[in-house]
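In each ligand, atom 1 is the first atom listed, and ligand 1 is the first ligand listed. Values in this document were obtained by computation on a predicted structure and should not be read as measured data.
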Amino acid sequence: MTMFKKTLAAAAVSAALLPAQAIQAGEVEVLHWWTAGGEARAAAALKEMMEEQGHTWKDFAVAGGGGEAAMTVLKTRAVSGNPPAAAQIKGLDIREWAKLGFLTSLDDVAEANQWDQLIPPVIADVMQYEDSYVAVPVNVHRVNWLWANPEVLESAGVAVPKTLEEFYAAAEKLEADGVIPLAHGGQPWQDATVFEAVALAVMGPEDFASAFVEHDMDVINSARMEEVFAEFAKVMSYVDDDAAGRDWNTATGMVIRGEAAMQIMGDWAKGEFTAAGLTPGEDYICAPAPGTGGQFTFNVDSFAMFSLSDDDNTKAQKDLARTIMEPEFQTVFNKAKGSIPVRTDMDMSGFDACAQASMDTFKSSADDGGLVPSFAHGLATTSYVQGQIFDVVTNFVNSDNKDPARATDQLAAAIQAAL
Ligand code: GAL
């Protein structure tokens, strides 16, 4: 054998010995807005699992709770012909992006890994465009939670409020005890998150869905909705005067430190308690938002996948999609993030009590009609309607003269205009 042939043969042998992924390593650029403590830990888990497969992770993090800033940046990048491989896009927006021709089919990954059997049909439907998977779901967040500091409640002599009436009574005592009853950040999506919890408590799941999913004008423009605004105003009156612009995780920090007693926020807040090394039931309390026990407002994070031209990067993108649905990722990620796995076949015994309660309520509410999509987090309606609701709700929060009847008229007009 000539020297040249020997070298070639040796090269062939060592190539055969290399793991397949090392040969086909690519880069995945991933847009997300997970920059708070718990969120960042969760995102890091995904990065690590991609790097273990030999791929390069290019982090495209755009800070800002709720993701509005991230979506603005994504649009600029996509329009200039340079989208990332994957972007955290949720709900009905996934279809909008697919319709514009930006997204790629994941059907080969979905078929090979039996996604149809693993993902609940309501969620699978959101991930598809014209019967093809174009996005992969990461988790299920429950939005209608109340987070509380047990020591602070105890020192004011109050129990965890189960109804809005109990919440007001507790808030009065907490205020008298010199503590901020409700930690909150004055940003439109946070205002909408609290408004949504109050709407569910006042209207119940059926009317909630009629108003915010089906946009039935008789339900939107109703005395019931005026009641929602009136109760919402009352809830918000227990927020301190410095809330304007405050980030949600800063508000969670106030509960952790005992400066505030409670926060109404989705369970990404639990990621903050977990990152601080705290234990539910001992150091903090998770309970349904007042008046919404047994009900579940769902928010599903998902990555939509953009069409790419480079083969190695496409391979990395498909590996990302596959990895996200695997039990190992679903466990590590969701423990850090505060959410529950999107797969219904997961063993929940290693999860904390809040996650176990969340999974139980997710399943029971799916059976009894108490499961509703979150409009504050893009699962119920289009981003146009969502933007209109945010405007009305935030204007209401910031107005000195809160008039529920006027706000209801404005909400009806705003939703109508966006349909
Ligand atoms: C939600 C998102 C969560 C969490 C939260 C705060 O819309 O679904 O994953 O990040 O915003 O940023």
* **Nearest candidate to atom 3 (C) of ligand 1, where distance is taken over non-hydrogen atoms, out of K337, K90, H377, E39** => K337
* Hey, can you tell me if Y238 and F167 have their rings parallel, tilted or perpendicular (30° and 60° cut-offs)? => perpendicular
* **Flag if over 12 foreign heavy atoms under 6.0 Å of CD, E68** =>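 No, the 6.0 Å shell around CD holds no more than 12 heavy atoms from other groups.
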* Derivation of the salt bridge (charged side-chain N to carboxylate O under 4.0 Å, His left out) call for D352 and K270 -> CA-CA 10 Å; D352 66 31; K270 198 183 72 190; 3.1 Å; yes
* **Side-chain H-bond candidate by donor/acceptor type, Q53 with T323, under 3.5 Å** => yes
* **Non-hydrogen atom of G66 closer than 4.0 Å to ligand 1** => yes
* By number and element, which atoms of ligand 1 are closer than 4.0 Å to a non-hydrogen atom of G65? ->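 What qualifies from ligand 1 is 12 (O).
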* When you measure from atom 8 (O) of ligand 1 to every protein heavy atom, which one gives the shortest distance, and what is it? ->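 Minimum-distance protein heavy atom for atom 8 (O) of ligand 1 reads D301 OD1, 2.6 Å.
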